[in-house]
Amino acid sequence: MQACFVDQTVDRERDAIIGSDQILTWAQLEEESDIWIRKAREHGAQRDVPLVILGHKQASFIVAITGCLRLGIPFVPIDTIYPSERIQRICDISKSTLLFRADQSRFEKLNEIVTPLAEKQLAYMMFTSGSTGEPKGVQIGVESVVELGSWMRDSFGLGDHPVFMNQAPFSFDLSVYEIVGTLYLGGTCVLNSREVISNTEKFYVRIRDHRATVWVSTPSFAYQQLLSRDFNQKSLPFITTFLFCGEVLSTGLVKHIRQRFPNSNIINTYGPTEATVATTSIFIDDVILNEYDPLPVGYQKPGTKIYCDSHTGELCIVGNNVMRGYINREDLNATKMFSQDGKRGFRTGDSGFVDENGLIFCSGRLDDQIKLHGYRIELSEIDAALRELPGVLTGATIALRKSDGTVVRLISYIVPSAENTKYDDLDLERWKEKLSNVIPNYMIPSEMIVCEALPMSANDKVDRKALTEIYAKHNLDMVIS
Ligand code: AMP
C-alpha cells in the first residue's frame, strides 16, 4: 500500500477499517483495494478525472478512497445525509464521470464525456456550503494530504498504531483526520454510523471493544456526550487523546473532559476545509487552560504561515496545505486566494490575531458563515434556497446564539410574492418540505416566519442584525446574535 502513504511496516493481520458493515485487516484492505482498482478501470476510471463515492460509514467507502489515491483519481466523498438534488449538483459541478455506491459496491456512469481536471494530482474534492446557493468544490492536492500525514505523525503524539474513533461523515473534512491518520500511521479506523451514535450505550461499547485511542470530533459533538455519565475514562479506558477541530473549543468543555478523562491529551486544532483540515494546533494543558479564556487555536503547523492581515484583521494562511482553488469558481478564487513567495495563500474570513509568542487566536467570522452543531453553513445559501420556493419573493435567515456565542437555532423570514396573498400554515409546511429536497436537514430553519418586507442596511443588503433584534424583541428568552 505504498501509494497510500503508509510509510512504516504494518502488521497485515491488524485491523485497518472497522466499518459499519464489515471489518478489514490491512491485508484485506489491500486485497479489496486491488479488486476495486480493477473494477474502476473496467468502468473507465481515469487519472485526474473525479469520482464520486456515495455512502455512509461502510468499509468499502475507505476501500474506494484508497483505490482513488493509488490511481491518482480525485475522490468526491458524499454522505447519504445529503438530499438527492444536492448530490446531483455536486456530481455536475465536480464533473465526475463515475459514481461508486459504497453500500452496494456498485459503479454507476454519470457522464460519457471524460474531461480531466485542469488541476493535476488532486487527492480529493470536498464540497462546502456556498453563499450563491451552489455548494463550493474545494480542490485539495496530494501534497497537502502528505503534509497533513507527516504533521499528525510528528506533532500529535498519537503513538505508533493509533485507533481512531470516527464520528464525522466523509463529506466533512474533519473525517480526513481519521482517514489520513489511519493510512499514514498504519492505524485503525472505527467508523460509527448515525444509528450507532444515536445509541450511546452501543456507541461506547463499540469504541471500547475496538480499543479506540483517539477521539476525533467537533467540540459540539463532545459536548453532547457530557449528557451521558458513561462518557468517562472508566467506560472508554483506551482513549488517550481528544483531537478537536471545526469550532470554538470552550474552557468549560476542556474542564469537563479533564475531570472525566484525567489522563488524556486534549488538542485544539483550527483551520478551514480550504487548508486541508487544520493549520494550527495546541495541547490544552493546565497552564494554557489557566492562562487563557477564550482558548488559543495554537501555533502554525510546520511549513505553513498564518498571519493576521493588518487592514482587515483577517487570518490568512500561506502554504502547501492551501487548496488548489474552488472548482470552476474563478470569481471566488480571485478574491479568496493569493500567491506569496511562490506559495498558495487563502483568506479565511476569520478574524483573529497572533500574539508576540506566535500563539494564534480566532475571534469569529467576518461574514455570515456560521457553525451549527459543528456543521459549516453560509446563511446566504439558505436564503438562496428560500428564494427558489414557489410563491416566495425573497427570504433571509438569522442564527440565534447563546450568550457564549454558540449558535442554537436558525430562523428564516420569508416575504411571499405579490400574487401569493393567501398563504397559510400549510404553505409553511410545504416550503419546509421543498427545502429539504435541496439543502441538508442541518440547514433547514427550525422556524419560518412570514413578513411583508426585510429590513435593509445602508449598503442594500439584508440587515440580519436588525432581523435578529426584531426576533429577540418578540421572543425575550432568546439572545441576540
Ligand atoms: P470547516 O471548513 O468546516 O472546517 O470550518 C472552518 C471554520 O470553522 C473556520 O474558518 C473557523 O471559522 C471555524 N473553526 C475551525 N476550527 C476552529 C477552532 N479550533 N476554533 C474556532 N473556530 C474554528
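Every heavy atom of this structure was used, including side-chain atoms; hydrogens, water molecules and symmetry mates were not. Position 1 is the first residue of the sequence; numbering continues from there. Since the structure is predicted, the reported quantities are computational estimates derived from the model, not experimental observations.
The pair Asp331-Arg329 meets the salt-bridge criterion, with a side-chain N (NZ, NE, NH1 or NH2) lying under 4.0 Å from an Asp/Glu carboxylate O. Ion pairing between a basic and an acidic side chain is recognised when a charged N comes within 4.0 Å of a carboxylate O; Arg464 and Asp383 show such pairing.
Tyr326 and Glu274 share a donor-acceptor pair across their side chains, judged by distance under 3.5 Å alone. Side-chain contact, Glu381 with Ser129: a donor N or O sits under 3.5 Å from an acceptor N or O. Inspection of the Arg70 and Ser33 side chains reveals an N or O donor paired with an N or O acceptor under 3.5 Å. In this model, a donor atom of one side chain and an acceptor atom of the other lie less than 3.5 Å apart for Ser220 and Glu247. A side-chain donor-acceptor contact under 3.5 Å links Gln88 and Asp92. Residues Thr269 and Tyr177 bring a donor and an acceptor atom of their side chains to less than 3.5 Å of each other.
You'll find the side chain of Phe164 stays beyond 4.5 Å of the side chain of Thr213, heavy atoms only. Side chains of Asn441 and Pro83 form no contact here, defined as non-hydrogen atoms less than 4.5 Å apart. Proximity of Phe353 to Ser363: side-chain heavy atoms (C-beta onward) are separated by under 4.5 Å at one or more points. Here the side chains of Glu388 and Leu386 are not in contact, with every heavy-atom distance at 4.5 Å or above. Residues Ser250 and Tyr223 are in side-chain contact: their nearest non-hydrogen atoms beyond the backbone lie under 4.5 Å apart. With a 4.5 Å cut-off on side-chain heavy atoms, Tyr442 and Arg376 do not count as touching.
In this structure, OG on Ser131 lies 12.0 Å from CD1 on Ile382, to the nearest 0.5 angstrom. Atom CD1 in Ile444 sits 12.5 Å away from atom NZ in Lys434 (nearest 0.5 Å). Between the OG1 atom in Thr128 and the CD1 atom in Ile377 there is a gap of 11.5 Å [rounded to 0.5 Å]. Atom CD1 of Ile288 and atom CG of Leu359 lie 6.0 Å apart (nearest 0.5 Å). Here the CE-CZ distance, from Met337 to Arg344, works out to 6.5 Å after rounding to the nearest 0.5 Å. In this structure, the separation between NZ on Lys95 and CG on Leu110 is 14.0 Å, given to the nearest 0.5 Å.
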Show me the donor-acceptor pairs within less than 3.5 Å that the side chains of residues 13-24 make with the rest of the protein, sequence neighbours left out.
{"unit_1": "Ser20", "atom_1": "OG", "unit_2": "Lys57", "atom_2": "O", "d": "3.1"}
{"unit_1": "Asp21", "atom_1": "OD1", "unit_2": "Ala59", "atom_2": "N", "d": "3.0"}

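Qualifying salt bridge (charged side-chain N to carboxylate O under 4.0 Å, His left out) partners for Arg38, counting only residues two or more places apart in sequence or in other chains: none. Residues passing the ring pair (Phe, Tyr, Trp, His ring centres under 6.0 Å) test with Phe283: none are found, sequence neighbours excluded. By the side-chain contact (heavy atoms from CB on, under 4.5 Å) test, Asn357 is found to be paired with Asp355, residues two or more places apart in sequence or in another chain being considered. A search for ring pair (Phe, Tyr, Trp, His ring centres under 6.0 Å) contacts involving Phe170 returns Phe61, not counting sequence neighbours. By the side-chain contact (heavy atoms from CB on, under 4.5 Å) test, Ser155 is found to be paired with Trp151, residues two or more places apart in sequence or in another chain being considered. Remark: Gln167 engages no residue in a side chain to side chain donor-acceptor pair (under 3.5 Å) (not counting sequence neighbours). With sequence neighbours left out, Glu147 forms a side-chain contact (heavy atoms from CB on, under 4.5 Å) with Lys301, Thr304, Asn320, Asn321. By the side chain to side chain donor-acceptor pair (under 3.5 Å) test, Thr241 is found to be paired with no residue, residues two or more places apart in sequence or in another chain being considered. In terms of the side-chain contact (heavy atoms from CB on, under 4.5 Å) criterion, Pro294 has no residue partners (sequence neighbours excluded).
Of all heavy-atom pairs spanning Ala123 and Val145, the tightest one is CB-CG2, 3.6 Å. Here the closest heavy-atom approach between residue Pro169 and residue Asp79 is recorded as CB-OD1, 3.4 Å. Contact between Glu134 and Ile93 at its shortest, heavy atoms only, is OE1-CD1, 3.2 Å.
Residue Gln121 places its CD atom among 12 or fewer non-hydrogen atoms of other residues, nucleotides or ligands, all under 6.0 Å distant. Applying the 6.0 Å contact sphere to CZ of Arg211 captures no more than 12 heavy atoms from other residues, nucleotides or ligands. More than 12 heavy atoms of other residues, nucleotides or ligands lie within 6.0 Å of NZ in Lys432, so this atom counts as buried by the packing criterion. Annotation: Glu108, atom CD; neighbour count of heavy atoms from other residues, nucleotides and ligands within 6.0 Å is above 12. Other residues, nucleotides and ligands contribute more than 12 heavy atoms inside 6.0 Å of the CZ atom of Arg365. Around atom NZ of Lys39, no more than 12 heavy atoms belonging to other residues, nucleotides or ligands sit under 6.0 Å away. Atom NZ of Lys461 has 12 or fewer heavy atoms from other residues, nucleotides or ligands within 6.0 Å.
For Phe338 and Phe346, the ring centers sit 6.0 Å or farther from each other.
Of the possible donor and acceptor atoms, none in the side chain of Ser412 sits under 3.5 Å from a partner among the backbone N and O of Pro445. Judged by distance alone, with hydrogens and angles left aside, the side-chain atoms of Thr25 form a donor-acceptor pair with the main-chain N or O of Gln28 at under 3.5 Å. For the pair Asp173 (side chain) and Val277 (backbone), a donor-acceptor distance under 3.5 Å is present. Under a 3.5 Å cut-off, the side chain of Lys336 and the backbone N or O of Arg347 do form a donor-acceptor pair. Using a distance-only test at 3.5 Å, with no hydrogens or angles considered, no donor-acceptor pair links the side chain of Glu378 to the main chain of Gly130.
For the ring pair (Phe, Tyr, Trp, His ring centres under 6.0 Å) condition, the pairs that include at least one residue of residues 81-105, sequence neighbours left out, are Trp36-Phe100, Phe100-Phe107. Residue pairs meeting the ring pair (Phe, Tyr, Trp, His ring centres under 6.0 Å) criterion with at least one member in residues 125-149, sequence neighbours excluded, do not occur.
With Phe244 as the fixed residue, the side-chain contact (heavy atoms from CB on, under 4.5 Å) test singles out one of Ile267, Thr218, Val254, Ile266: Ile266. Exactly one residue among Tyr270, Tyr292, Tyr299 makes a ring pair (Phe, Tyr, Trp, His ring centres under 6.0 Å) with Phe361. That residue is Tyr292.
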